[in-house]
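Data first, discussion second: the structure below is written as structure tokens.
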Amino acid sequence: MKNRIFLEIFDRLYKFFGPQGWWPAETPFEVCVGAILTQNASWKNVERAIKNLKEINLLTPEALYNLSEKELSELIKPSGFYNLKAKRLKNFIHFLFENYGGSLEKMKEEEPETLRKKLLEIKGLGPETVDSILLYALDKPFFVVDAYTYRILSRHGLCPEETSYEELQSLFHENLDKDTDLFKEYHALLVACGKNFCKKREPLCKDCPLSYLR
Ligand code: SF4
């Protein structure tokens, strides 16, 4: 049986914050690039890196495939760890071309669990990045888990202190309908709650929409 509290959390956050409009991108490919660049970076800096690529029409799989890793790393400098991220982006682009001829549409046709396994084999792509790509770029129902998710759930006794990414993710998969729109909005709302109220050191429970959650 589903635990109703997972829907209640969503309802309360949605009522408080409203729709978050995630993922802020013009194309599914831009989502993929953003998901890789946002590792250890603020979204503002990711936006600057994406703008650099967009301004000279490089935000397509073909253009990035043909761009050297060195040129790419220069352009994405604002996102930090740019040499590493250029490598990761290149790894993803090569995977896309080797397996799906550079087409995200073709990649989308792959069986979801198989695709997830394959994406996780790309060097430098962890589960949060992979699930962000699957959910926000390809509309596959995989819940995206991050530090905010863990913090909020653990503070409400909904997950053990020691838990893995997969365990946290399966809590959402087991207790919610597998609805991509719901998953997209829910993750974004947890981030909003984490940033505004559920702070690492001093959570602002008094004013938080999740206070007195039972
Ligand atoms: S700030 Fe307090 S009430 Fe809000 S999610 Fe965190 S622990 Fe819960």
Should the heavy atoms of other residues, nucleotides or ligands under 6.0 Å from CD of Glu111 be counted, would the total exceed 12?
yes
Salt-bridge test for Glu47 and Lys51: reply yes if a basic N is under 4.0 Å from a carboxylate O, no otherwise.
no
Minimum side-chain heavy-atom gap Tyr186-Tyr14 below 4.5 Å
no
Can you tell if the side chain of Val31 reaches within under 4.5 Å of the side chain of Ile133, non-hydrogen atoms only?
no
Is it true that a side-chain atom of Glu71 and a backbone atom of Ser68 form a donor plus acceptor pair closer than 3.5 Å?
yes
Answer yes if Leu84 and Leu89 sit in the same cluster of Ile, Leu, Val, Met, Phe, Trp and Tyr residues linked by side chain heavy atoms under 4.5 Å apart, and no otherwise.
no
Determine whether Tyr100 and Glu110 satisfy the following criterion, side-chain hydrogen bond (donor to acceptor under 3.5 Å, both in side chains), listing intermediate values before the conclusion.
CA-CA 9 Å; Tyr100 311 102; Glu110 182 88 80; 2.6 Å; yes
Closest heavy-atom pair, Phe17 versus Pro209, reported as atoms and distance to 0.1 Å, is CE1-CG, 4.1 Å
Go through Leu138 and Leu115 one step at a time and tell me if the side-chain contact (heavy atoms from CB on, under 4.5 Å) criterion holds.
CA-CA 11 Å; Leu138 304 176; Leu115 178 57; 3.7 Å; yes
Please check this pair: side chain of Lys106 against backbone of Gly102, looking for a donor-acceptor N/O pair closer than 3.5 Å.
no
Correct closest heavy-atom pair for Leu37 and Ala49 would be CD1-CB, 3.9 Å
Qualifying residues under side chain to side chain donor-acceptor pair (under 3.5 Å), relative to Thr149, sequence neighbours excluded
Asp146
Rounded to the nearest 0.5 Å, how far apart are OH of Tyr212 and CZ of Arg12?
10.5 Å
What I'd like to find out is whether the side chain of Leu153 reaches to under 4.5 Å of the side chain of Phe172, using heavy atoms alone.
yes
From the list Lys87, Arg88, Lys90, salt bridge (Lys or Arg N to Asp or Glu O under 4.0 Å) partner of Glu69 resolves to Lys87
Backbone of Gly34 reached by a side-chain donor or acceptor of Thr38 within 3.5 Å
no
Where the side chain of Lys140 meets the backbone of Leu135, is there a donor-acceptor pair that is under 3.5 Å apart?
no
On a heavy-atom basis, which atom in Gly194 and which in Arg151 lie closest, and how many Å separate them?
O-NH1, 4.2 Å
Treating Thr129 as the side-chain partner and Leu125 as the backbone partner, does any N or O pair qualify as donor plus acceptor under 3.5 Å?
no
How far apart are the C-alpha atoms of Lys206 and Ser211, what are their side-chain angles, what is the distance that settles it, and do they pass the side-chain contact (heavy atoms from CB on, under 4.5 Å) test?
CA-CA 7 Å; Lys206 194 168 78 60; Ser211 57; over 6 Å; no
Short question: side chain of Asn45, backbone of Ala41 - any donor-acceptor pair under 3.5 Å?
no
Distance check, rounded to the nearest 0.5 Å: His173 atom NE2 versus Gln169 atom CD?
4.0 Å
4.5 Å side-chain heavy-atom contact, Cys205 and Phe197
no
Taking everything shown except Lys2 itself, do over 12 heavy atoms lie less than 6.0 Å from its NZ?
yes
List the atom of Glu30, the atom of Pro24, and the distance in Å for their closest heavy-atom pair.
OE2-O, 4.1 Å
Decide ring-ring contact (aromatic ring centres under 6.0 Å, His included) for Tyr136 and Phe142; before the verdict, give the C-alpha distance in whole Å, the side-chain angles of both, and the deciding distance to 0.1 Å.
CA-CA 9 Å; Tyr136 291 102; Phe142 290 96; over 10 Å; no
Check: Gln39 main-chain N/O paired with Lys85 side-chain donor or acceptor under 3.5 Å:
yes
Say whether, by atom type as modelled, one donor and one acceptor occur between the side chain of Asn91 and the main chain of Ile122 under 3.5 angstrom.
no
What's the spacing between Leu189 CG and Phe10 CZ if we round to 0.5 Å?
5.5 Å
Look up atom CG in Leu64 and atom CG in Leu53, then write down how far apart they are to the nearest 0.5 Å.
6.0 Å
Give the minimum heavy-atom separation between Tyr148 and Lys195, together with the two atoms involved.
OH-CG, 3.3 Å
Measuring from atom CD1 of Ile56 to atom CG of Leu58, what distance do you get when rounded to the nearest 0.5 angstrom?
4.5 Å
Given side chains that start at C-beta, do those of Trp22 and Glu185 come closer than 4.5 Å, heavy atoms only?
no
Which side-chain N or O atoms in residues 73-82 pair as donor and acceptor under 3.5 Å with protein atoms at least two apart or in another chain?
unit_1, atom_1, unit_2, atom_2, d
Ser73, OG, Lys70, O, 2.9
Ser73, OG, Asn83, OD1, 3.4
Ser79, OG, Ile76, O, 2.9

Which heavy atom of Thr60 sits nearest to which heavy atom of Phe29, and what is that distance?
C-CE2, 3.4 Å
Any side-chain heavy atom of Phe183 within less than 4.5 Å of one from Val144?
no
Neighbour count >12 (heavy atoms, 6.0 Å) for atom OH, Tyr65
no
If you define the side chain from C-beta out and look only at heavy atoms, does anything of Cys193 sit under 4.5 Å from Cys208?
yes
Answer whether the closest heavy-atom distance between the side chains of Cys32 and Leu104 falls below 4.5 Å.
yes
side-chain contact (heavy atoms from CB on, under 4.5 Å) for Lys54 and Glu26? Distances and angles first, verdict last.
CA-CA 11 Å; Lys54 255 190 199 169; Glu26 285 173 7; 3.4 Å; yes
Do Asp131 and Tyr165 pass the side-chain hydrogen bond (donor to acceptor under 3.5 Å, both in side chains) test, and can you show the C-alpha distance, the side-chain angles, and the key distance before you say yes or no?
CA-CA 11 Å; Asp131 289 331; Tyr165 183 99; 2.7 Å; yes
Applying side-chain contact (heavy atoms from CB on, under 4.5 Å), run through Phe6 and Asn3 and close with a yes or a no.
CA-CA 6 Å; Phe6 283 83; Asn3 183 346; 4.1 Å; yes
Spacing of SG belonging to Cys159 relative to OH belonging to Tyr150, to within rounding of 0.5 Å
6.0 Å
If you measure from the Lys or Arg side-chain nitrogens to the Asp or Glu carboxylate oxygens, is any gap between Glu166 and Arg116 under 4.0 Å?
yes
